[in-house]
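Just so we're clear, the structure is a prediction, and the values are computed from it rather than from any experiment. Both counts, for ligands and for their atoms, begin at 1 and track the order of listing.
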Amino acid sequence: MAKIVILTGAGISAESGIRTFRASDGLWEEHRIEDVATPEGFARDPQLVHRFYNARRAAASAALPNAAHQALAALEADPRHEVLLVTQNVDDLHARAGSQNLRHMHGSLFGALCAICDTRWPAPDTMHPTDRCPACNATATRPDIVWFGEMPHHMEEIWTALRGADLFVSIGTSGNVYPAAGFVQDAGRAGVETLELNLAPSTGSFDFDRARHGLATQLVPEWVKEICP
Ligand code: APR
């Protein structure tokens, strides 16, 4: 039984038609992070932030899981491996592909959160600054997304799993945002084998024991077939 920790980023959903962040046509080319992905930006203009995430929620709902998502779900179903799938993505394509041992460290477009009482509930298709919290009735509802400057979810569990893994695989991420960008070093320090599957060498590519570059829908199913003969 091999223990495998997998980290995914926007690149695994790119071939499902969901935009990445730092490509030439990426989301951060059109929006300033400080306006739509920080608590301060939300306080300044909640309408702008809700419009940004309403559009991304609609795009995610219209998208379908691709062969890379499906291959990871098949890997998890193989009794020879114990897989923890950690995603930076806020779309729901891993869950829709069938992955279950899944942690959304940056939250989810399909969750809503009350900025006053921390209550969480399933997000409606579109959210507005006038929406009321079902628990405390305050008009302070936000998407349940981890913004810059906020602590990602499940970090203790993820770091423990990284240290105890046989293999760490990073798929479709540029390695620009910590703590996820540091997982390869955390794993390496613990003597865990590391593999990068990405369209192009990421910022931390030189930290990986092995790296393969190409489209996720080709690289991921090929890799899964190799380890699940
Ligand atoms: N197949 C494989 N990799 C791909 C593909 C593809 N079809 N298309 C793009 N990529 C790779 C790119 O080469 C890039 O390295 O996916 C990576 C996407 O990088 P980013 O756009 O920076 O997205 P990500 O790494 O997920 O960003 C991390 O930053 O903005 C925050 O919270 C946001 O979770 C996000 C975090």
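The closest protein non-hydrogen atom to atom 6 (C) of ligand 1 is G11 O, 3.4 Å. The closest protein non-hydrogen atom to atom 7 (N) of ligand 1 is E15 OE2, 3.0 Å. Atom 25 (O) of ligand 1 has its closest protein heavy atom at T173 OG1, 2.6 Å. The protein atom (non-hydrogen) at minimum distance from atom 27 (O) of ligand 1 is R22 NH1, 3.0 Å. In terms of protein heavy atoms, atom 35 (C) of ligand 1 is closest to F21 CE1, 3.5 Å. For atom 1 (N) of ligand 1, the nearest non-hydrogen atom of the protein is A216 N, 2.9 Å. At the shortest separation from atom 15 (O) of ligand 1 among protein heavy atoms lies N198 ND2, 2.9 Å. Among protein heavy atoms, atom 28 (C) of ligand 1 sits closest to Q88 OE1, 3.4 Å.
Residue G172 places a heavy atom less than 4.0 Å from ligand 1. At least one heavy atom of G214 lies less than 4.0 angstrom from ligand 1.
Between W147 and F42, the angle of the ring planes lies from 30° to 60°, which puts this pair in the tilted group.
At least one N or O atom of H106 sits closer than 3.5 Å to an N or O atom of ligand 1. For ligand 1, the polar-atom distance check against L215 finds no nitrogen or oxygen pair separated by under 3.5 Å. Considering backbone and side-chain atoms together, A10 places an N or O closer than 3.5 Å to an N or O of ligand 1.
With a 4.0 Å heavy-atom cut-off, ligand 1 is reached by the side chain of F148 but not by its N, CA, C or O. Both the backbone and the side chain of L199 come within 4.0 Å of ligand 1, counting heavy atoms alone.
Between the side chains of R51 and N54, no donor-acceptor pair is found at a separation under 3.5 Å.
Among all heavy-atom pairs drawn from L75 and H81, the shortest one is CD1-CD2, 3.7 Å. The two atoms that bring C114 and W121 nearest to each other are N-CZ3, 3.6 Å, heavy atoms only.
With H104 contributing its side chain and N89 its backbone, the two residues share a donor-acceptor pair below 3.5 Å. Side chain of R103 to main chain of H153: no donor-acceptor pair is present (N/O by atom type, distance under 3.5 Å, no hydrogens or angles).
The distance from atom SG of C133 to atom CZ of R120, rounded to the nearest 0.5 Å, is 11.5 Å. The distance from atom CD of E196 to atom NE2 of H213, rounded to the nearest 0.5 Å, is 4.5 Å.
Around atom 8 (N) of ligand 1, the closest heavy atom drawn from A14, A37, A23, S13 belongs to A14. Nearest-residue assignment for atom 20 (P) of ligand 1 (options S174, A180, P201; heavy-atom criterion): S174.
For ligand 1, the atoms sitting less than 4.0 Å from at least one non-hydrogen atom of G9 are 26 (O), numbered in the order shown with element in parentheses.
Exactly one of I145, I18, L27 qualifies for a side chain to side chain contact (heavy atoms under 4.5 Å, CB included) with R56. That residue is L27.
Residue pairs satisfying the side-chain hydrogen bond (donor to acceptor under 3.5 Å, both in side chains) criterion with at least one member in residues 182-195, sequence neighbours excluded, are listed as follows: W159-D186, Q185-D207, D186-R189, E193-R210, T194-D209.
Summarising the local packing, CG of D125 is surrounded by 12 or fewer heavy atoms from other residues, nucleotides or ligands at distances under 6.0 Å.
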